[in-house]
Amino acid sequence: MALGDLMASRFSQSSASLAGVPNHFEELNITTNGLSEDGERSVRDSETGSSSYGGAVMTTTTSMAYLPQTVVLCELRHDAFEGSLPSGPSDSGLVSKWRPRDRMKTGCVALVLCLNISVDPPDVIKISPCARMECWIDPFSMAPQKALETIGRNLNQQYERWQPRARYKISLDPTVEEVKKLCTTCRKYAKSERVLFHYNGHGVPKPTANGEIWLFNKSYTQYIPLPISDLDSWLKTPSIYVFDCSAAGMIVKAFIELQDWTATTSSGTSARDCILLAACEAHETLPQSAEFPADVFTSCLTTPIKMALRWFCTRSLLRESLDYSLIDRIPGRQTDRKTLLGELNWIFTAVTDTIAWNVLSHDLFQRLFRQDLLVASLFRNFLLAERIMRSANCSPVSHPILPPTHQHRMWDAWDMASEICLSQLPTLVEDPNAEFQPSPFFTEQLTAFEVWLDHGSEHKKPPEQLPIVLQVLLSQCHRFRALVLLGRFLDMGPWAVDLALSVGIFPYVLKLLQTTTPELRQILVFIWTKILALDKSCQVDLVKDGGHAYFIRFLDSVEAYPEQRAMAAFVLAVIVDGHRRGQEACIEAGLIHFCLRHLQGSSPNDSQTEPLFLQWLCLCLGKLWEDFTEAQTLGVQANAPAILAPLLSEPQPEVRAAAVFALGTVLDVGFDTSRDDAGGEEDCDDDEKVRSEASIVKNLLSVASDGSPLVRAEVAVALARFAFGHNKHLKSVAAAYWKPQPNSVLTALPSFAVKASGSGYMTPTQYMPHGSIAPSTVSPLLRVGESSQSVIRDGRASSSSPLVTPGLMHGSPLSDDSSQHSDSGIVTDSISNGVVNHARPRPLDNALYSQCVLAMCTLAKDPSPRIAELGRRVLSIIGIEQVVAKSMKSTPRSAQPSESTANPSSSLNGLARSSSWFDMNGGGHLSLTFRTPPVSPPRPSYLTGMRRVYSLEFRPHLMSSPDSGLADPLLGTVGPSGSSERSFLPLSTIYNWSCGHFSKPLLTATDDSEEIIARREEREKLALDRIAKCQHSPVNRLPSQIASWDTKFETGIKTALLQPFSPVVVASDENERIRVWNYEEATLLNSFENHDYPVKGISKLCLVNELDESLLLVASSDGNVRIWKDYTSKSQQKLVTAFSSIQGHKPGVRSVNAVVDWQQQSGCLFASGEISSIMAWDLDKEQLVSTIPSPSDCSISALSASQIHGGQFVAGFSDGFVRLFDIRTPEMLVSETRPHTPRLERVVGIAFQPGLEPGKVVSASQAGYIQFLDLRCMKDTYLTIDAHRGSLTALAVHRHAPLIASGSAKQLIKMFNLEGEQLGSIRYYPSFMAQKIGSVCSLTFHPYQVLLAAGAADACVSIYADETSPTR
């Protein structure tokens, strides 16, 4: 089955099997999306089903309507974003081992034959008949000298078959001098290559106990000993010795002793690379049986097929019928696998390779079987020698020593293959035209491998057939099947890729890239994806062999699945990653145009375009032009920024992040041209470049407040690149803005004149429109007095502060209200004489620089700690550093401020400055009044703990004003300078993180998906049972308090929630401390801080994915949302994601007072507050999907999302209005009414009534009135309860039971049913027996049981149950 078919079949199987539970778990996404687990919502989920808000399609049964099928925030990207940084493909560690350290070659072969034919040595007594054949020649069949020469020539030819390119030297019956000359000549010729020394000692005595071998004197009257140490000193290293003589083990022993002695005497020298092969042990003699040749060891090493078949025939069933002489007439060539001889040689190679790979250690296998072709052949054949000679009670020896292999089960497979081939031999010899039938050996071995793939795993023994799969790649008829199986194996994980590479798969799959066979393309791309996901170093080999062209062509392949084309883009991205030769080769091949064409062809909502493909096209482009000016220029010329921009609104965060990465890397960081030198800015005159940089930065700013930390992290990295390229200009803009009075601390960021939308806040797309700031050269900071506080909170600017007028933008830095009469002219002059003259003309206008600085500040206060850290690093590039603050961790480069400040708290709560505004402008032009500190202490700034630090550009000004009367500037902290700046740039993580996708299994679902489905089904069943009980059992007044918990919060309980399937309550106080308590066992499970920023305040706790692995959503009152997993385990909580749900502020409002609610059905989070709109965030896309303009100027004080009808939510306003919205409808607002008009009271609690009817709402006002509304059919309330006169503080409506609870500041909780009848109350009694409660701050019902948790101002949480309910 082709890999593509495999993907397709996985797709169809999984779609069918998962139709019942249309969730998109990360684990199941692998199957639902073919190869994509990377966070793309499946087509089913975004188009149909109860989770969709494209239409009001409901699940079939009403019971299932209560159980939302959407699951969010469980993708790969949510696993450990805050934790460890992804590493990406490695080029060291695990991967470095598979490459043979140094490929070697045997350059010279010395053949020494001491046969002395017709004279037997004195220590040998021969039997009769005796083994006589030497190199398959009978020495007694011709004259002794001729026989000797013929044997020498034959041995030479036998070795040449294995290494034809070596130089061969033969020495026949030599003297010691001749051997010395031979050895020195060979070493001289071979230089650093290996020398093979073959010694046949059949005509001389056995070696001595000291390991000396015997040679002759000139007259052949004496045997002369040659010590092994002399031989070693002549041949040197690297070398391989073959000793074919009796008692050859003696030589090996002596050699090892010599090596050990050498190692101890000359410590520090590297180990000598010497290999020895000896025919038998020290106490053994060579077999003399006539069934063997006399040189049986040499025959096994040099003519293995002939030797193996002759030996096998005597033991086979064919021994009666087969004529042995036919073995010498086997048709074909050893190199032609389509002939009988070629097939036998091929099978023999596969069998011996397999045996070696399965019994040897990894390093030894690499050294003996993969480093040197001749050594590998000799060792394969040595395994045969061991098998054959052991049958004659002789044990060949090697150094390094090998474990016994003569009984390995693969020999049985060889015997069977031999028998099948030999059975055809008579026919083939008789009839040369007879067709040879190939052996089923390889087919059977592939089947065995397939069986292993079905049942094997990382923890089981590796498949022993892996070397055979490698051999099969050589054959066209088996190649496709072998590649598909290999792909399946590599998919099992990095360990499998490492195994395959260590077997030697690499040169084979590299060579296959030269084939043009279309059916191999998809599987080859898959295999290369798996290899490069593990080992980046292969990029060099691919470019050297021109392999990149193969993958560029594949990008255009029409028949490939988009996931497979994504793999090709991944391979290309790895090829160009930090590899200049790869970048150049891919640019020459036109990769930029290929990628841009595919990106252009995809419309944002085109379901045909695989998000993974878009993601990798962007990453590939980003890597292609990263730090490569020529490619950046080509990209700009090809209009790349404009083509990439639409991808910033794609629904998948991975695609958006990849697009940001690609845009960010187009920005020229300025490493190629030295921007700091005079005249180094000439290239800024290039209009096209300036325009493209401006448009890129504008696009980046549009996603600076994206919902996904993945995207914001890339924006921070891209802005850091921009800050490097435009360092001076950003520094001067930042310096000019942040200029308070001497020694004073900044109270607010510059107020930018932002032309925002009519709703009075900025949507992300309108974020800092270009050119909206008044056109002053450098606008100074406007100090803000009490009455006109500029609203800039968490980095989002006010759009309509009274200060933001072009006239004021030219004004002076004002210290407080009383100094607004100061002469602005002086100040403007000083500015023009100061910073502006110091900086060169800007390539981009000030407005854009200002917006960048503001975006950087926003990122530095991001709710995600990792992005906040990135943001602070970006700010430090433009010279703003963090001051050590009490509640914030300081950056490594920050230091204590050395200057004195007017306000003791200013170093914590303001932008402290290392020098004054006066200093910076060369103070001489100013009157002395500007040198006094401000009268009133400054108000604390929103940007806690940031300090302006001057970098080298401004140092001259600082030094030239010694008489400033101020504290010395901070000289210790210097901005980054010179070429070492490169290391200071924060690194992008999207590429490395995305690479992780391909190192995971892509063809199979993970094992725990069934377990997840089973748990889900069990919980659904339990929930439905409990819902039925809630709906049908009579409800009393919840009289019994089943638990009470003193949370020990200093500020009392602000909000709480009950877990649906465990006896757990989660509570938080105003300072955002979160505590988790088991109320059955009365134990504290966990306690943690939501964040460590100084500004605290909690809005709401919600449970996300409550039917699955639930996540805790914590919404702060500033609109920041953080979502935690593993929050019930002590100190194990992990931040899944964090973002700011509220963008922009209403004029004149200091605090956002965010109200949020989460709707599982649609996967939407709704957020509003003291702003002019309601924001709907899709947490699956992690994107702002809808901005609903508020119909009134009043802020929203209560918000509730329907847990039944996806897309519906109801909002209560501070002027008493209640409005129903549905984001599935074009006009959003469904209906509105003002039930609380007479009292003009703000709505403090609102919720949908239980049941399936949409639009039935309960609303409570601060005055204590609870109104029952049906917003669809009537405007007026149909029921009013006067619950708590003037003191209602909390309202809770049960999701399924007809129950309403309200709490008051007067320590009272009242229970009502849906008819408005009071069921009971819980009051504070001073008596000993009564249930004691404090002022009620929070009420919450259990989602599926009649349980109420009440949080009070005295930090107690009490849990009440209906007496008929179980405790859980």
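- Of the charged side-chain nitrogens involved, none lies within less than 4.0 Å of a carboxylate oxygen, so that Asp706 and Lys1181 do not count as a salt-bridged pair.
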Start with the C-alpha distance between Val717 and Leu987, add both sets of side-chain angles, then the distance that settles side chain to side chain contact (heavy atoms under 4.5 Å, CB included), and finish with yes or no.
CA-CA 6 Å; Val717 172; Leu987 296 174; over 6 Å; no
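- Using a cut-off of 4.0 Å between Lys/Arg side-chain N and Asp/Glu carboxylate O, Glu869 and Arg866 are scored as not salt-bridged.
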For Asp627 and Arg721, what are the C-alpha separation, side-chain angles and deciding distance, and is it a salt bridge (charged side-chain N to carboxylate O under 4.0 Å, His left out)?
CA-CA 10 Å; Asp627 302 330; Arg721 291 179 67 88; 3.4 Å; yes
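- Between Leu1002 and His997 the shortest side-chain heavy-atom distance falls below 4.5 Å.
- By the 4.0 Å N-to-carboxylate-O rule, Asp577 lies close enough to Lys623 to be salt-bridged with it.
- How far CZ of Arg565 is from CG of Leu555: 7.5 Å, rounded to the nearest 0.5 Å.
- Scanning for salt bridge (Lys or Arg N to Asp or Glu O under 4.0 Å) contacts around Arg521 gives Glu559, with sequence neighbours left out.
- Annotation: the span from Met856 atom CE to Leu701 atom CG amounts to 8.5 Å, rounded to 0.5 Å.
- Contact between Val703 and Leu648 at its shortest, heavy atoms only, is CG1-O, 3.7 Å.
- Taking CD1 of Ile592 as the start and CD1 of Ile587 as the end, the distance is 4.5 Å to the nearest 0.5 Å.
- Trp616 and Phe998 have their aromatic ring centers within a separation under 6.0 angstrom.
- Annotation: side chain of Val574 is not in contact with side chain of Leu542 (no heavy-atom distance under 4.5 Å).
- Here the straight-line distance linking atom CD of Glu714 with atom CD of Glu654 works out to 11.5 Å at 0.5 Å rounding.
- With sequence neighbours excluded, the residues forming a ring-ring contact (aromatic ring centres under 6.0 Å, His included) with Phe1139 are Trp1177, listed by chain and number.
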